[in-house]
Amino acid sequence: MMKTRPLSLSTPITHISKAAFLHLIPFQFATSATERSFSDSDAWEEGEEGDPSPIIQDHDLLRKSNNSPTSLNVLDLIDRGSIEPDPEIYNRLLKRATHMKKLKEGRIIHAHFLGSKFKSDLFILNTIINMYAKCGSLSDAQKAFDEMRLKDMVTWTALITGYAQNDRAEEAIALFPQMLRQGLKPNQFTFASLLKAFGAAQSNERGRQVHAFCVKYGCDLNVYVGSSLLDMYARYGDMKEANLVFDGLSCKNEVSCNALIAGYARKGEGEEAFKQFWKMQRAGFEATHFTYSSVFSSCASIGALEQGKWVHAHMIKSGCKLIAFVGNTLLDMYAKAGSIEDARKVFDRLDKSDVVSWNSMLTGCAQHGRGKEAIQRFEEMLRIGIEPNEITFLCVLTACSHNGLLNEGQFYFELMKRYNVEPKVEHYVTIVDLLGRAGLLDQAQRYINDMPIEPTAAVWGALLGACRMHRNMELGAYAAERVFELDPHDSGPHVLLSNIYASAGRWSDAARVRKMMKDSGVKKEPACSWVEIENSVHMFVANDDSHPQREEIQKMWEKISAKIKEVGYVPDTNYVLLFVDQQEREAKLQYHSEKLALAFALLNTPPGATIRIKKNIRMCGDCHSAIKFVSMVMEREIVVRDTNRFHHFSNGFCSCGDYW
DNA sequence: GTAGGGTTAG
């Protein structure tokens, strides 16, 4: 088994009120509204590029510059004496270069300005720093800053902002004490940027200190500072503090709401993100593409397909255009929430697809067992000239490993060199996984030993998973030891090793591993499944008898069990690794959480409706086999999302081809 | 002249 990060199922929605959705229109994919939304080419322009205010307003001068004055011919007109320069002209030229992100033009204007008699104008010099920062050249901004003899608070703030906006948090942070030493007083602009830097730097303690500074300078209640502040706490994972800041803001706006929603989305707290989304609407704030992006991302992480569809419909209804960024989160949501078909529709309608869109689609294919399609799409992506990055290769390699495409996986790993993408440890994990699943355990071990970088717990974990699959106890134990050395707190490898021993009948070794876990305080997450029925999400744990419908559920499963046994299902008690007799093992096996969820869904959904179940661990082989039979005898499509991938069961088969 | 919120993997 490859060690993978779970699809954030740790905090599922427990209940979503249906009433919350009543005012929304029902979702249908191919409505004309949808079509309009997708085909509106303007939607893809993220509000930039338009020419700002004219540089020259004088009609005679306009004629002299062929009615279309570029910055360069304006400078030429100045040189020829046709225009009397003043700071305002330079200001306009710089504004335009900033707006259009034209660095070269900005440099020429800067040089020209330094040759003018206004070269010491503080106002324009600050504009120049801002221009360089917005054009992404922090080296130019820093140089211009260093060359200034006189600096004011705006000068410092412009540079701090430049670093903060260009992911150089520590440099932004370092400027702040220097600014204070100059005796300059920071304002709300300074704090808004500084807090952004602190949020990115994950520097909890120092962040709190700056919060105190905001209060001291009377800026903490400003909506920009407040939004930045609550965003900072949200990035630290401290939603309690983020909420306190939010509640304290007398003037809230879309941005402060979005920061809060995004905070919950990042934490995987989908239910809270939804609550805030509705609260925001009730308060009269319009959801923006930032909002939708966070909400779709929440739906993706908790696998909430129905809610995701509602929000998609809401977005269309509200007239919010599907810009590129949101399109990517939307397609990712459909793929992660179980509908690869809808993800594909969104992808096919994207006017502009970037590397993120392609990566999301590749991941979708990989997780839905469509390895061949992933490869075709990857080839298509290369053909149309989208540059693959390290994530792209990870997606393709994962698609290969999930589908047993050994040769293809090795081929694409080699292809990384041609695209100058350095393989990282995650890429090596997929190759170990690929070799291991194919049963080439010795080759996988040799591969690890020959790796040019130090193997991590995930690398050994992939070998351990393969050993479990192919029942190689000796190598499994060796791999497990390596994992324990590198990551002693992960319960997964402990459970795997214990199961390897137990399935070989080595009960005392299995018990020893369990004891080792207990002694070192490693806790195994209890296995749970969730199923969504009419906008309510129901949770089940194995052998749970606390559900109000427990008797019906039990009877239902007994009925199903008898039916599927008639057509060939044989319980595989290898997956109940308890020291109990055969009959009792079978009884335990019957009530794995996904079977309870499935029985419940069969009781509470109309015949023929697709059933979607989510799991917080990977499915066991017995449940996998049982659900295949259920899909046949009950004539249902059943989709199970586990931590690793999707299983689409239909008519006795699973999309994973029993390879997972 | 200077400010805050959003995507893909493991």
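Each chain gets a letter, A, B and so on, in the order the sequences are listed, and its residues count up from 1. The analysis underlying the following values was restricted to heavy atoms, covering all of them including side chains, and did not include hydrogens, waters or symmetry mates.
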Peer 1: Strictly below 4.0 Å: does A:Asn130 bring a side-chain N or O up to OP1 or OP2 of B:dT2?
Peer 2: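 Indeed, a polar side-chain atom of A:Asn130 lies that close.
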
Peer 1: Would you say the ring centroid of A:Phe296 lies under 6.0 angstrom from that of A:Tyr334?
Peer 2: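 Aromatic pair excluded; centres sit 6.0 Å or further apart.
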
Peer 1: Side chain of A:Asn253, base of B:dG4: donor and acceptor closer than 3.5 Å?
Peer 2: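 Present.
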
Peer 1: Which one, B:dT8, B:dG6, B:dG4, comes nearest to the side chain of A:Lys336?
Peer 2: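 That would be B:dT8.
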
Peer 1: Give one of base, sugar-phosphate or nothing for A:Thr157, where a contact means two heavy atoms less than 4.0 Å apart.
Peer 2: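 Since a base atom lies under 4.0 Å of A:Thr157, the category is base.
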
Peer 1: Rounded to the nearest Å, what distance is computed from the CE atom of residue A:Met315 to the C1' atom of nucleotide B:dT7?
Peer 2: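 A:Met315 atom CE is separated from B:dT7 atom C1' by 13 Å.
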
Peer 1: Could you tell me whether A:Asn389 contacts a base, only the sugar-phosphate backbone, or nothing, with contacts defined as non-hydrogen atoms closer than 4.0 Å?
Peer 2: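 No contact.
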
Peer 1: Among B:dT2, B:dG10, B:dT7, which nucleotide has an atom closest to any side-chain atom of A:Val154?
Peer 2: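 So the side chain of A:Val154 is nearest to B:dT2.
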
Peer 1: Could you please name the option among B:dT7, B:dT8, B:dG4 that lies closest to any side-chain atom of A:Ser360?
Peer 2: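 Out of B:dT7, B:dT8, B:dG4, the nucleotide with an atom closest to A:Ser360's side chain is B:dT8.
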
Peer 1: Measure from the side chain of A:Asp231, starting at C-beta and using heavy atoms only, and say which of B:dT7, B:dG6, B:dT8 lies closest.
Peer 2: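 Among B:dT7, B:dG6, B:dT8, the one nearest the side chain of A:Asp231 is B:dG6.
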
Peer 1: With a 3.5 Å cut-off and no angle check, do the side chains of A:Thr127 and A:Asn130 form a donor-acceptor pair?
Peer 2: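 Looking only at side-chain atoms, A:Asn130 and A:Thr127 do not form any donor-acceptor pair under 3.5 Å.
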
Peer 1: May I have the distance from A:Leu362 (atom CG) to B:dG10 (atom P), rounded to whole angstrom?
Peer 2: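 It is 11 Å, rounded to the nearest whole Å.
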
Peer 1: With heavy atoms under 4.0 Å as the rule, sort A:Thr288 into base, sugar-phosphate or nothing.
Peer 2: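 Base contact.
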
Peer 1: Using whole Å, report how far NE2 of A:His427 lies from C1' of B:dT8.
Peer 2: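 Roughly 13 Å, once rounded to whole Å.
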
Peer 1: Between A:His427 (side chain) and A:Glu390 (backbone), is there a donor-acceptor pair under 3.5 Å?
Peer 2: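 Yes; at least one donor-acceptor contact below 3.5 Å.
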
Peer 1: Less than 4.0 angstrom between a side-chain N/O of A:Lys95 and OP1 or OP2 of B:dT2, yes or no?
Peer 2: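 Result: no.
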
Peer 1: Over how many whole Å does the gap from A:Phe413 atom CZ to B:dA9 atom P extend?
Peer 2: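 Interatomic distance, CZ of A:Phe413 to P of B:dA9: 20 Å.
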
Peer 1: Output the single nucleotide from B:dG6, B:dA9, B:dA3 whose closest atom is nearest the side chain of A:Ser294.
Peer 2: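 Nearest to the side chain of A:Ser294 among the choices is B:dG6.
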
Peer 1: Would you say A:Phe325 stacks on B:dG6, if stacking means ring centres under 5.5 Å apart and planes within less than 30 degrees?
Peer 2: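 So A:Phe325 counts as stacking on the base.
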
Peer 1: Could you tell me whether the phosphate oxygens of B:dG10, OP1 or OP2, come under 4.0 Å of any side-chain nitrogen or oxygen in A:Thr398?
Peer 2: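 Yes, within the criterion.
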
Peer 1: Under 4.0 angstrom, heavy atoms only, what part of the nucleic acid is A:Val223 near: base, sugar-phosphate, or nothing?
Peer 2: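 Base contact - A:Val223 has a heavy atom under 4.0 Å of at least one base atom.
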
Peer 1: Ignoring the backbone of A:Glu390, work out which of B:dA3, B:dA9, B:dG6 is nearest its side chain.
Peer 2: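 Nearest nucleotide to the side chain: B:dA9.
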
Peer 1: Is the base of B:dG4 touched by the side chain of A:Ser227 through a donor-acceptor pair closer than 3.5 angstrom?
Peer 2: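 Between B:dG4 and A:Ser227, which were checked side chain against base, a qualifying N/O pair under 3.5 Å is present.
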
Peer 1: B:dT7 P sits how many Å from A:Met333 CE, rounded?
Peer 2: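 Answer to the nearest Å: 15 Å.
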
Peer 1: Please check the phosphate of B:dT2 (OP1 and OP2 only) for any side-chain N or O of A:Lys185 closer than 4.0 Å.
Peer 2: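 Result: no.
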
Peer 1: Of the candidate nucleotides B:dT2, B:dG6, B:dT8, which contains the atom at the shortest distance from the side chain of A:Phe189?
Peer 2: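 Closest nucleotide to the A:Phe189 side chain: B:dT2.
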
Peer 1: Any carboxylate oxygen within less than 4.0 angstrom of a Lys/Arg side-chain nitrogen, looking at A:Glu272 and A:Lys275?
Peer 2: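 Answer for the salt bridge query: yes.
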
Peer 1: For A:Leu184 and B:dT2, what is the distance between atoms CG and C1' respectively, to the nearest whole Å?
Peer 2: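 From A:Leu184 CG to B:dT2 C1': 13 Å.
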
Peer 1: Can a side chain N or O of A:Gln165 be found less than 4.0 Å away from OP1 or OP2 on B:dT2?
Peer 2: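 For B:dT2, OP1/OP2 do not have a side-chain N/O of A:Gln165 under 4.0 Å.
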
Peer 1: If the plane angle is over 60° it's perpendicular, under 30° parallel, otherwise tilted; pick one for A:Phe176 and A:Phe213.
Peer 2: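 A:Phe176 vs A:Phe213 ring planes: perpendicular.
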
Peer 1: With a cut-off of under 6.0 Å to the ring centre and 45° to the axis, is A:Lys119 in cation-pi contact with A:Phe113?
Peer 2: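 No, A:Lys119 does not sit over the ring of A:Phe113.
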
Peer 1: Of the candidate nucleotides B:dG10, B:dG6, B:dT2, which contains the atom at the shortest distance from the side chain of A:Glu426?
Peer 2: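 The listed nucleotide nearest to A:Glu426's side chain is B:dG10.
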
Peer 1: Whole Å only: how far is the OH atom of A:Tyr163 from the C1' atom of B:dT2?
Peer 2: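 Atom-to-atom, A:Tyr163 to B:dT2, this comes out as 16 Å.
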
Peer 1: Output the single nucleotide from B:dA3, B:dG6, B:dA9 whose closest atom is nearest the side chain of A:Phe290.
Peer 2: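 Nearest to the side chain of A:Phe290 among the choices is B:dG6.
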
Peer 1: Do A:Asp231 and A:Arg266 sit within salt-bridge range, that is, some charged N less than 4.0 Å from a carboxylate O?
Peer 2: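 The answer is yes: the pair qualifies as a salt bridge.
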
Peer 1: How many Å lie between CG on A:Asp220 and C1' on B:dA3, as a whole number?
Peer 2: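 Interatomic distance, CG of A:Asp220 to C1' of B:dA3: 15 Å.
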
Peer 1: Quick check for you: among B:dT8, B:dG6, B:dG4, whose closest atom lies nearest to any side-chain atom of A:Ala262?
Peer 2: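 Nucleotide nearest to A:Ala262's side chain: B:dG6.
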
Peer 1: Would you say A:Arg235 places a side-chain N or O within less than 4.0 Å of OP1 or OP2 belonging to B:dG6?
Peer 2: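 For B:dG6, OP1 or OP2 has a side-chain N or O of A:Arg235 closer than 4.0 Å.
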
Peer 1: Using a heavy-atom cut-off of under 4.0 Å over every strand shown, decide if A:Lys134 touches base, sugar-phosphate, or nothing.
Peer 2: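 The answer is sugar-phosphate, as A:Lys134 gets under 4.0 Å only of primed atoms, P, OP1 or OP2.
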
